[in-house]
Amino acid sequence: KLPVAERRGIPHHLMDFLSVRDDTTVAAFQQMARAAIADIRSRGKLPILVGGSGLYNRAAIDVLEFPGTDPDIRAALEQDLERDGLAVLLARLRAVDPVSAERINDGKRVVRALEVHALTGRPFSSFMPDREYVSPTVQIGLNGDRAELHGRLARRVHTMVRDGLLNEVESLVPQGLREGRTAHKALGYQQFLRVLDGESTVAQASEETIVGTRQFARRQLTWFRADPRVNWLDWAQPDLGAAAAALVASAVPA
RNA sequence: GGCAGAUUACCCGAGUGGCCAAAGGGGGCUGACUGUAAAUCAGCUGGCAACGCCUUCACUGGUUCGAAUCCAGUAUCUGCCA
């Protein structure tokens, strides 16, 4: 997170409004993000989304409809998965939704697809619309030399550790960090929680966080590279700010 | 100085005569992704003009139809004795 002091008075939305105990879902984020965007627009301002979560990003700006969820159905399916294995669940899915069964090879996704079918009576695949903007959006992706990226990520983690990541994690435990379903799996939290448990060391957790961050960065690249709407800029180019501003200006009516 | 052991692909680590370009893991690369997404999952990973060919298992030489695997010497590392 950008420190408040460096935000130059620009309001940042949807930050520091959840506790580590709370779970988040894309569907909830979608509502909150769109509400924030509408609010900013209503004041005649330009909303800027910053972040690297592909699905969350699309949920905010694309036509994405999330069929509901049911904790009981899901819990039952998760039990089935554990007991019967992926192949059996995939076979069950194939019977009701061959399209999804063909695409999915992942335990969590079969569970979700079966859940949606049980809940709505419709195949999960029928909820997949074409990609479409909710409103005109300029997407800008930053990329650069891979070796330098790796160096930067390592330095970033070392800085976080130096600035007290372990203490932060420790202070969040009493606030329910271990109870939530989402926050405790975040990069850094996940690894440093194990230090508190005596199962890891600061050095080891740092290294694992660096590796995890590197792998995450690669997945971000994979996600956004698949979206032809993304305009890629090299972070090293000298006129970076101007180039980004030009992209925005070309799409925003004067 | 003496004795014992180790040396495998980017890293760790199996493999002790043919089924070995060499298990497995890590890392890396590529991809997937619609209510856990900083999550979850899949494929590839010696080289190449690639259903085959070439170069690898510290180095040199030897045994054998055939060696990462056996023998000898050399180098480096480790343990015990001094």
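Model, not experiment: these values are computed from the prediction. Chain identifiers are assigned alphabetically (A, B, ...) following the order of the sequence lines, protein sequences preceding nucleic acid strands; residue numbering begins at 1 within each chain.
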Nucleotide N/O to protein N/O under 3.5 Å, stretch nucleotides 28-32 of chain B:
residue, atom, partner, partner atom, Å
G28(B), OP1, R214(A), NE, 2.4
G28(B), OP1, R214(A), NH2, 2.9
G28(B), OP2, Q215(A), NE2, 2.8
C29(B), OP1, R146(A), NH1, 2.6
U30(B), OP2, R146(A), NH1, 3.3
U30(B), OP2, R146(A), NH2, 3.3
U30(B), O4, R218(A), NH2, 2.4
G31(B), OP2, R225(A), NH2, 2.8

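Note: CG (L77(A)) to P (U36(B)) measures 13 Å, nearest angstrom. Rounded to a whole Å, the NZ atom of K185(A) is 8 Å from the C1' atom of U40(B). Residue F29(A) contributes atom CZ, which lies 15 Å from atom P of G35(B) at whole-angstrom precision. The interatomic distance linking R74(A) (CZ) with G35(B) (P) rounds to 7 Å, in whole Å. One interatomic measurement links the two molecules: CD1 of I73(A) to C1' of G35(B), which rounds to 13 Å at whole-angstrom precision. What separates CD1 of I104(A) from C1' of C33(B) is a distance of 10 Å, to the nearest Å. Whole-Å rounding puts the L114(A) CG to U34(B) P distance at 14 Å. Between the C1' atom of A37(B) and the CZ atom of R112(A) lies a distance of 14 Å, rounded to the nearest Å.
Residue-level contact check: T213(A) touches neither bases nor backbone, having no heavy atom under 4.0 Å from any strand. Using a 4.0 Å heavy-atom cutoff across all strands shown, F124(A) reaches sugar-phosphate atoms only and no base atom. Within 4.0 Å of Y56(A), counting heavy atoms only, lie sugar-phosphate atoms of the nucleic acid but no base atom. No contact: E207(A) has no heavy atom under 4.0 Å from any strand. Among the heavy atoms of the strands lying under 4.0 Å from G68(A) is at least one base atom, whether or not backbone atoms are also near.
Atom CD of residue E65(A) and atom OG of residue S126(A) lie 8.5 Å apart, to the nearest 0.5 angstrom. Atoms CD1 and CD1, on I37(A) and I61(A) in that order, are 8.5 Å from each other to the nearest 0.5 Å.
As rounded to the nearest Å, C71(B) and G5(B) have P atoms that lie 11 Å from one another. For the C1' atoms, the distance linking U63(B) with G13(B) amounts to 30 Å, nearest Å. Spacing of P atoms, G46(B) relative to C65(B), comes out at 33 Å, to the nearest Å. Spacing of C1' atoms, A6(B) relative to A58(B), comes out at 11 Å, to the nearest Å. Across the C1' atoms, U8(B) and A68(B) are found 7 Å apart, a figure rounded to whole Å. Nucleotides C20(B) and G1(B) are separated by 44 Å at their P atoms, to the nearest Å. Comparing G2(B) with G62(B), their P atoms are spaced 28 Å from each other, to the whole Å. With both ends at atom P, the span from C12(B) to C3(B) equals 30 Å, rounded to whole Å.
A38(B): no Watson-Crick or G-U partner with both key distances under 3.5 Å is found in any strand. Remark: C29(B) base-pairs with G43(B). Criterion, Watson-Crick or G-U wobble with two distances under 3.5 Å. Across all strands shown, U64(B) forms no Watson-Crick or G-U wobble pair with both key distances under 3.5 Å. With a cut-off of 3.5 Å on both Watson-Crick or G-U wobble distances, the partner of U74(B) is given as A58(B). Both distances falling under 3.5 Å, in either a Watson-Crick or a G-U wobble arrangement, place G79(B) opposite C3(B). U69(B) makes up no base pair with any nucleotide shown, lacking Watson-Crick or G-U wobble contacts both under 3.5 Å. Here A21(B) sits opposite no nucleotide as a Watson-Crick or G-U wobble pair (both hydrogen-bonding atom distances under 3.5 Å).
Using a cutoff of 4.0 Å between basic side-chain nitrogens and carboxylate oxygens, R74(A) and D70(A) are not scored as salt-bridged. We find that R103(A) and D97(A) are not joined by a salt bridge, their nearest charged nitrogen and carboxylate oxygen being 4.0 Å or further apart. Salt bridge status for R229(A) with D227(A): present, with a side-chain N to carboxylate O gap under 4.0 Å. With respect to R194(A) and D197(A), no salt bridge is recorded, no charged nitrogen being found less than 4.0 Å from a carboxylate O.
Because its NZ or CZ atom is not both nearer than 6.0 Å to the ring centre of W223(A) and within 45° of the ring axis, R58(A) does not count as a cation-pi partner of that residue.
Across the interface with RNA chain B, nearest-nucleotide mapping of A186(A) and E115(A) shows E115(A) to be the residue nearer the 5′ end. Residue order along RNA chain B, read from the 5' end via each residue's closest nucleotide, puts P67(A) first among Q191(A) and P67(A).
Taking a 6.0 Å sphere around CD of Q79(A), one finds it holds 12 or fewer heavy atoms contributed by other residues, nucleotides or ligands. Counting heavy-atom neighbours within 6.0 Å of R156(A) CZ, excluding the residue itself, gives a total of 12 or less.
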- Query: Can I104(A) and L93(A) be said to form a side chain to side chain contact (heavy atoms under 4.5 Å, CB included), step by step?
  - Reply: CA-CA 10 Å; I104(A) 292 173; L93(A) 182 62; 4.1 Å; yes
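Taking 90° from 0 as the syn/anti boundary, the base of C51(B) is oriented syn.
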